[in-house]
Amino acid sequence: MMQRWSRKKTHFPLLVILLLIFIVFTVLYNELSIQQIHEEPDPVHHRQETSITYVKPNRLSPAHEVLDRFSKCNATRDYSGRRIASLDRTVKTGPRRVASERCDVFSGKWVFDNASYPLYNESHCPYMSDQLACHKHGRPDLGYQYWRWQPHNCNLNRLDERIIRPDSVLKHASQWEHADILVFNTYLWWRQGPVKLLWSAEENGTCEELDGKGAMELAMKAWADWVAAKVDPLKKRVFFATMSPTHLWSREWEPGSEGNCYNEKTPMELESYWGSGSDLPTMRMVDDVLGRLSSKVSVLNITQLSEYRKDGHPSIYRKFWETLRPEQLSNPASYSDCIHWCLPGVPDVWNELLFHLL
Ligand SMILES: *[C@@H]1O[C@H](CO)[C@@H](O)[C@H](O)[C@H]1NC(C)=O
Ligand SMILES: *[C@@H]1O[C@H](CO)[C@@H](O)[C@H](O)[C@H]1NC(C)=O
Ligand SMILES: *[C@@H]1O[C@H](CO)[C@@H](O)[C@H](O)[C@H]1NC(C)=O
Ligand SMILES: *[C@@H]1O[C@H](CO)[C@@H](O)[C@H](O)[C@H]1NC(C)=O
Ligand SMILES: *[C@@H]1O[C@H](CO)[C@@H](O)[C@H](O)[C@H]1NC(C)=O
């Protein structure tokens with residue numbers, strides 16, 4: 001029997017859930033590496049009925065290399081237009097979720113607030129990843145930790161992340177193992193170029209090839225079918241976090257410059273800034289898919305507010321798993337990570353927005 005989480009019961013399960021979400025985000029970002037991605041994309045991960053294997057695009061790999069831990073393509077042809085088998089139930093359209101209608105919490109600006117931020121001390125967080133611990137890895141300017149997201153027409157409910165009862169973790173495990181709250185997100189994985197699809201019934205090992213956005217759409221529609229068929233909005237809250245932007249070309253916010261996020265110390269001031277790291281056609285596709293699910297899925301539309309945070313990425317201040325070559329070291333921008341986010345930092349605010357909508 002599914003237990004419904006209630007805000008009044010206690011604050012602790014929420015903390016656990018937020019922690020899990022934080023870990024999911026962190027793991028998601030850890031899995032993302034520009035050169036090597038071996039994992040299946042998220043939506044497919046959650047579907048047992050799925051009859052398709054996504055195979056990493058092989059543009060960067062030598063011929064005949066195994067592209068996925070389990071499968072390889074014997075040949076490739078164009079995508080046939082086939083859809084992932086649906087559970088064949090129609091989407092019931094109910095009223096759109098209203099939590100966010102009173103105020104668009106995703107429209108606002110970043111305000112320097114060193115009284116309430118950071119929400120925690122980087123070195124005290126036991127789950128900190130070396131990819132995100134920017135201060136530990138030498139980032140000298142800590143300004144990125146002190147920004148509060150201020151929606152234009154309201155204030156966010158404050159998250160109280162500070163009272164922890166370690167002995168209660170297991171007591172509440174039965175509530176979160178049934179996942180009353182699910183947060184999905186997928187994007188960057190698809191931006192690496194063509195994706196190969198290996199349908200399970202394909203006896204000759206021939207893959208179909210599809211561009212990244214098309215493959216993301218295919219996976220998102222399968223995910224949408226799953227949500228439509230399986231999610232009872234009275235028992236589960238489902239969120240979808242929109243794409244997390246990258247800041248790979250400083251010329252987009254500072255015309256004439258040739259860098260990236262390296263050495264950026266403050267958020268963008270230009271409202272409604274939109275860079276190439278947030279692909280608009282992808283955004284519209286996501287709008288379409290989520291539009292069909294509006295009674296079941298709340299959107300965490302974090303793209304625009306994260307777009308402003310060119311200062312929030314680790315750049316060179318993280319652990320790099322590969323050894324850096326001297327020519328890279330002599331040109332820091334060349335190996336800066338402008339994709340992940342430092343913590344404490346921008347993803348904490350995504351969590352605050354999630355908390356606000358719960
Ligand atoms: C907050 O920032 C202001 C202005 O930079 C500074 O004067 C003040 O000392 C800072 N306070 C804290 C607690 O860091
Ligand atoms: C974080 O904790 C460390 C170790 O306890 C301490 O040295 C440091 O000053 C703290 N940082 C902040 C910003 O409070
Ligand atoms: C698999 O290959 C065999 C032999 O080349 C061919 O006859 C058959 O039609 C192929 N099957 C599919 C599904 O393409
Ligand atoms: C791919 O081709 C090899 C050799 O032709 C064959 O042994 C293998 O079974 C094929 N794989 C699939 C999945 O059909
Ligand atoms: C998210 O916000 C952007 C504007 O910042 C908007 O264009 C887009 O349609 C929104 N996406 C969803 C899924 O609500």
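Everything numeric in this text was worked out from a predicted model, so none of it was measured. The first residue of the sequence shown is numbered 1, and numbering continues consecutively from there. As the structure lists them, so they are numbered: ligands from 1, and atoms in each ligand from 1.
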Is the shortest N/O to N/O distance between Asp287 and ligand 5 below 3.5 Å?
yes
Have Glu269 and Trp110 got a donor and an acceptor in their side chains that come within less than 3.5 Å?
no
When every non-hydrogen atom of Ala224 is compared with those of Arg292, the smallest separation belongs to CB-NH2, 3.6 Å
Determine yes or no for a side-chain-to-main-chain donor-acceptor pair under 3.5 angstrom, with Ser129 supplying the side chain and Gln131 the backbone.
yes
Check whether any N or O atom of Tyr146, backbone or side chain, sits under 3.5 Å from an N or O atom of ligand 2, and answer yes or no.
no
Check whether any protein heavy atom sits under 4.0 Å from atom 14 (O) of ligand 1.
yes
Can you say whether the rings of Tyr273 and His247 are parallel (under 30°), tilted (30 to 60°) or perpendicular (over 60°)?
parallel
Atom 10 (C) of ligand 1: nearest protein contact (heavy atom, Å):
Asn114 ND2, 2.5 Å
Tell me which part of Glu122 gets within contact of ligand 2: side chain, backbone, both or neither, using heavy atoms under 4.0 Å.
neither
Going by atom types alone, do Trp249 and Ser276 pair a side-chain donor with an acceptor below 3.5 Å?
no
Could you identify the single nearest non-hydrogen protein atom to atom 11 (N) of ligand 2 and state the distance to 0.1 Å?
Asn121 ND2, 2.8 Å
Would you say Asn121 has more than 12 foreign heavy atoms packed within less than 6.0 Å of its CG?
yes
Is a side-chain donor or acceptor of Gln150 paired with a backbone partner of Cys154 at a separation under 3.5 angstrom?
yes
Could you see if Phe239 belongs to whatever hydrophobic cluster contains Val349? Use Ile, Leu, Val, Met, Phe, Trp, Tyr and a side-chain cutoff under 4.5 Å.
yes
The option among Leu290, Thr303, Asn301 carrying the non-hydrogen atom nearest to atom 1 (C) of ligand 5 is Asn301
Pairs of nitrogen or oxygen atoms closer than 3.5 Å, one from Thr242 and one from ligand 5: do any exist?
no
Ser123 heavy atoms, cut-off 4.0 Å: which ligand 2 atoms fall inside?
1 (C), 2 (O), 3 (C), 4 (C)
Nearest-neighbour protein heavy atom for atom 4 (C) of ligand 2, which is reported as residue plus atom name and distance
His124 NE2, 3.7 Å
If you take the nearest heavy atom of each of Met243, Met283, Gln304, which one is closest to atom 5 (O) of ligand 5?
Gln304
Does the protein place a non-hydrogen atom closer than 4.0 angstrom to atom 7 (O) of ligand 1?
no
